[in-house]
Amino acid sequence: MNDNKDRVDSRDTKSASSLASRSSSPEVTSPDAIDSLNKPVGTSDSSSLYKPPDLNRNITQIFGKLLNIYRALGDDRRSFSYYKAIPVIEKLPFKIESVDQVKHLPSIGKSMQDHIQEIVTTGKLSKLEHFEKDEKVKTISLFGEVWGIGPATALKFYEKGHRTLDDLRNEESLTHSQRLGLKYFDDIQTRIPRHEVEEMERLLQEVGEEILPGVIVVCGGSYRRGKASCGDMDIVFTHPDRKSHKGFLPKLVKRLKDMEFLREDLVFSVHSTEGTDSGVDTYFGLCTYPGRELRHRIDLKVYPRDIYAFGLIAWTGNDVLNRRLRLLAESKGFLLDDTGLYPATHSSGGKRTKGSASLKFETEKQVFEFLGFPPLEPHERNL
DNA sequence: GCCC
DNA sequence: CAGTACG
DNA sequence: GGGCCGATACTG
């Protein structure tokens, strides 16, 4: 859910819709094509990045705060409504002065209209002011920003009497991950300039190639979608020979730790070594830009080539697109996630039968087209 | 919260 | 299992 | 009034 933060906290500079270099797309069409695509992705020069109109900041800023508050409180549905409403308002080429101008916009319903009305007339939203004065809301919102602490745990700590991050540091029940999230709270919050992500991606490609020649390395997430800065890094790996990805991740992680690129572990699990599976290997952790100590969140995901396209789609996002694709798949009788596309064989007994393999697609484009969805370029996926 |  | 995280 | 992503994937 970093996109929320992208949207709310920072100036989420969007990439141009058509100027980003097309050749940088890591779309894979054949094993031969893979190698030439195994290079920096979405490396568009800054001239191709533009600032959105961004009139109506008065409204989107407030909506962004409400988004964060509802999410912290565990009301994800309501939070998501604000998440969808914000970009709609951001894209408007004029400054809203009357509710009538937004009455028929998608995702702007009765409540949103009332809020907009109040904001354009009074310049503020009493609902938000009420929230921001609330000790409980303030505390839970703060705690929820710690990696590994969600609404339930934040509430638990609040009820235990904790009010500050320092209070939490004395809390015994913190998990390993939460402790790290707390220790590097400010670091993790710090965004990464695009050019630094680019450099780190290159570093990962070099190290990856040394360990496993021919490995495909793509930095997904907001980076691949062309953002000017990123909240974290999402790296997706695979190998064209459809087998030697197995056992790659542990070697890579060890090597990256030896060179002090990876610094702390949050999640590390390996599946690809067992059986003839189509397992996905996962590493979540903290890394540092060479020569620095500032911690950044990084995710490494290794996919078997057969389901690589699904991993790439899922880890490029954004989350809105992922949800939309999954709903679309379901409407056509399929189930979609980052590991594949399956016929919705929900057995009569109620539980879904597992075991059937995913439909196979070589490229993202083929998946989009199979689903009847426009084959968006990565920079077009900021929905 | 929005939408059907 | 509940909670959290990922896009 | 009910759905809103996921055969998610992981931790404890």
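Chain identifiers are assigned alphabetically (A, B, ...) following the order of the sequence lines, protein sequences preceding nucleic acid strands; residue numbering begins at 1 within each chain.
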Considering only nitrogen or oxygen atoms on both sides, find all protein atoms under 3.5 Å from nucleotides 1-3 of chain D and state each distance.
none

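- Distance, A:L174 CG to D:dG12 P: 12 Å, rounded to whole Å.
- Using a 4.0 Å heavy-atom criterion, one finds that A:D75 contacts no nucleic acid atom at all.
- In this structure, A:L321 reaches neither bases nor backbone, as no heavy-atom distance under 4.0 Å exists between it and the strands shown.
- In this entry the distance linking CG of A:L155 with C1' of C:dG3 reads 13 Å, nearest Å.
- A:T316 comes within 4.0 angstrom of the backbone, heavy atoms only, and of no base.
- Residues from residues 110-133 of chain A that place a heavy atom under 4.0 Å from any atom of DNA chain B, listed by number: A:K110, A:S111, A:M112, A:K127.
- Looking at A:D167 and A:T164, their side chains do bring a donor and an acceptor atom within 3.5 Å of each other.
- Side-chain N/O atoms of A:H271 include none lying less than 4.0 angstrom from OP1 or OP2 on D:dA9.
- Across the protein-nucleic acid pair, A:K84 atom NZ and D:dC5 atom C1' stand 12 Å apart, rounded to whole Å.
- A gap of 16 Å separates the C1' atoms of D:dG6 and C:dG3, to the nearest Å.
- The pair A:E364-A:R224 counts as a salt bridge, with a side-chain nitrogen and a carboxylate oxygen less than 4.0 angstrom apart.
- Residue A:F284 has its side chain nearest to C:dC6 when only D:dC5, C:dC6, C:dG3 are considered.
- Spacing between atom CG of A:D299 and atom C1' of D:dC10 amounts to 12 Å, rounded to whole angstrom units.
- In terms of modelled atom types and a separation under 3.5 Å, the side chain of A:E209 and the main chain of A:G214 share a donor-acceptor contact.
- Atoms CG and CZ, on A:L359 and A:F370 in that order, are 5.5 Å from each other to the nearest 0.5 Å.
- For the pair A:E118 and A:K127, the salt-bridge criterion is not met [side-chain N within less than 4.0 Å of a carboxylate O].
- Put simply, the side chain of A:R295 never gets that close to the backbone of A:Y184: no donor and acceptor are under 3.5 Å apart.
- Checked against D:dC4, C:dG7, C:dA5, the side chain of A:E330 finds its nearest nucleotide in D:dC4.
- A:S358 contributes a side-chain N or O that, together with a main-chain N or O of A:L341, makes up a donor-acceptor pair within less than 3.5 Å.
- Atom-to-atom, NZ of A:K301 to C1' of C:dC6 comes out at 8 Å; the value is rounded to the nearest Å.
- On the nucleic acid side, DNA chain B has its first and last nucleotide under 4.0 Å of a heavy atom of chain A at B:dG1 to B:dC3, going 5' to 3'.
- Closest to the side chain of A:W315, out of D:dG12, C:dC6, C:dG3, is C:dC6.
- Counting non-hydrogen atoms under 4.0 angstrom, A:V88 reaches nothing in the nucleic acid.
- Note: A:F63 and A:Y82 meet the aromatic proximity criterion, with ring centroids under 6.0 Å apart.
- A ring-centre distance under 6.0 Å is found for A:Y70 and A:F131.
- In this structure, A:R242 pairs ionically with A:E362, as a charged nitrogen and a carboxylate oxygen lie closer than 4.0 Å.
- A salt bridge does not link A:R323 with A:D319: every distance from a Lys NZ or Arg NE/NH1/NH2 to an Asp or Glu carboxylate oxygen is 4.0 Å or more.
- On the P atoms, D:dC5 is 22 Å away from D:dG1, given to the nearest whole Å.
- Using a 4.0 Å heavy-atom criterion, one finds that A:N322 contacts the bases of the nucleic acid, with or without backbone contacts as well.
- Taking atom CG of A:L341 as the reference point, atom P of D:dT8 lies 15 Å away to the nearest angstrom.
- Atom CG in A:L371 sits roughly 14 Å away from atom C1' in D:dC5 (whole-Å rounding).
- Atom OH in A:Y83 sits roughly 19 Å away from atom P in D:dC4 (whole-Å rounding).
- Contact between the side-chain N/O atoms of A:R381 and the OP1/OP2 oxygens of C:dG7 is not found at any separation under 4.0 Å.
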Encoded 5' to 3' (Watson-Crick or G-U under 3.5 Å; [ ] crossing; | other strand), DNA chain D becomes ||||||.|||||

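- The side chain of A:D337 sits closest to D:dG6 out of C:dA5, D:dG6, D:dC5.
- A:R255 has a carboxylate O that lies under 4.0 Å from a charged side-chain N of A:E210, or vice versa, which qualifies the two as a salt bridge.
- Judged purely by atom type and a 3.5 angstrom limit, A:T316 has no side-chain atom pairing as donor or acceptor with the backbone of A:G221.
- Among the atoms of the strands shown, only primed sugar atoms or phosphate atoms (P, OP1, OP2) are found under 4.0 Å from some heavy atom of A:L336.
- Residues of residues 95-107 of chain A having a heavy atom closer than 4.0 Å to DNA chain B, listed by number: A:P106, A:S107.
- In this structure a side-chain-to-backbone donor-acceptor pair under 3.5 Å is present from A:N382 to A:R225.
- Defined by atom type and a distance below 3.5 Å, a donor-acceptor pair is missing between the side-chain atoms of A:Y223 and A:D234.
- Among the nucleotides C:dG7, D:dC10, D:dG12, the one closest to any side-chain atom of A:R225 is C:dG7.
- For the residue pair A:S98 and A:D100, a side-chain donor N or O sits within less than 3.5 Å of a side-chain acceptor on the partner.
- Not counting sequence neighbours, the partners of A:H176 by the side-chain contact (heavy atoms from CB on, under 4.5 Å) test are A:L180.
- Checked against A:C287 for a side-chain contact (heavy atoms from CB on, under 4.5 Å), the options A:R297, A:E260, A:H296 give a single hit: A:H296.
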